[in-house]
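Accompanying notes for the structure given below.
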There are 2 protein chains.
Amino acid sequence: MENSYKNILEKFKKLLKKNELKFTKQREEILEAIYNSKSHISSEELYHSLQNPKIGIATVYRTLSLLESENFVTTFINSGVKQYELTKEHHDHIICNKCGKIEEFLNPEIEMLQEKIASSFGFKITDHSLQMFGICKECQKDNL
Amino acid sequence: MENSYKNILEKFKKLLKKNELKFTKQREEILEAIYNSKSHISSEELYHSLQNPKIGIATVYRTLSLLESENFVTTFINSGVKQYELTKEHHDHIICNKCGKIEEFLNPEIEMLQEKIASSFGFKITDHSLQMFGICKECQKDNL
DNA sequence: GTTCTCTTTGAAAATAGATGTCAATTTAAA
DNA sequence: TTTAAATTGACATCTATTTTCAAAGAGAAC
């Protein structure tokens, strides 16, 4: 199943049906905005990116909460700001402190080590969040 | 240099002098509260743990910001609540979603892998944050 | 110790992000 | 269509944090 907007939208409609919720233009437009952001977007950015200026901020938060609780979007915090992205394969983030660029990565060895550490503490892991902060290649050049 | 309160206090006084700031009983009491929390504490918990009830919440936030910007304390977010702890050797956290218990760990292999990943992206890493969430041994038993 | 200047503080107001309330509107099943 | 229940926008409220400002305090110079 590819990640075309059409497929995302279908999944979204199924999610609504499953929860006996209604499909509205507001909800669709919010979904579209997340999709169009391509990677990640904050609630505030999302709110301002909407075509229909009548959509209220409360509806944005309501829809984001719904999507998050249904694991349709995944969140992480950057500089104290919550970022939303469509849930896809698990991955972690590497963030440039200067230009704000965010790269995604997945390292199976780290994933495995985490499991090992968790079980050494007797924990059953449900989730984790790993972020690295630094200066990206381009911003290192700018410093010369 | 051991981490006795006396040593922490001396470091704190040096930090103030370096920044041409004054040593006040409020600042000392806030430092003491962080020290006494042993591990981590939120701004709200800290505020309520103060002996002197006249110390205002603004002073707490002002002092915490100062300590954080000087890297005297380190922070992480748990369930949306910012937690402060005295900066010591770097470590990561494993958090129980049920009882809230937080364990600390340090895994050199993960640290190394992170460096490797960062450099493969051309990043120069300044910092990172890794948190694992799950259910601890005790809470797993409670579920039976 | 006293003076004096500059910093710090507490209280209250202000701000930002997020959530709750409710009447009016909209959805979608019948 | 009709209709009942869900959703929405506007606005109030809440919580965490920051700003403002007059009064109090710190500490360097005397």
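Spacing between atom CG of A/N52 and atom C1' of D/dT8 amounts to 11 Å, rounded to whole angstrom units. A/E28 places its CD atom 16 Å from the P atom of D/dT7, with the value rounded to the nearest Å. Atom CD1 in B/I30 sits about 12 Å away from atom C1' in C/dG10, given to the nearest Å. The interatomic distance linking B/I77 (CD1) with D/dA16 (P) rounds to 13 Å, in whole Å. In this structure, OH of B/Y47 is placed 15 Å from P of D/dT15, rounded to the nearest angstrom. Distance, A/R27 CZ to D/dA6 P: 11 Å, rounded to whole Å.
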A/H90 vs A/E111, side-chain hydrogen bond (donor to acceptor under 3.5 Å, both in side chains): CA-CA, chis, key distance, verdict | CA-CA 10 Å; A/H90 163 74; A/E111 302 291 320; 3.0 Å; yes
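A salt bridge is absent between B/E103 and B/K137: the closest approach of a Lys/Arg side-chain nitrogen to an acidic carboxylate oxygen does not fall below 4.0 angstrom.
Nearer the 5' end of DNA chain C, as judged by each residue's closest nucleotide, is the contact made by B/E20, out of B/G56 and B/E20. Mapped onto DNA chain D by nearest heavy atom, A/T63 and B/V81 fall at different nucleotides, with A/T63 at the one closer to the 5' end.
For the pair A/K38 and A/Y35, the cation sits on the ring face: its NZ or CZ lies under 6.0 Å from the ring centre, inside 45° of the axis.
One hydrophobic cluster holds both A/V60 and A/I8 under the rule that ILVMFWY side chains link at heavy-atom gaps under 4.5 Å.
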Per-nucleotide protein contact string for nucleotides 17-30 of chain C (B base, S sugar-phosphate only, - none; heavy atom under 4.0 Å) | SBBBB-----BS--
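Between the side chain of A/R27 and the main chain of A/K22, a donor-acceptor pair closer than 3.5 Å is present. Here the side chain of B/Q140 pairs a donor or acceptor atom with the backbone of A/G122 at under 3.5 angstrom.
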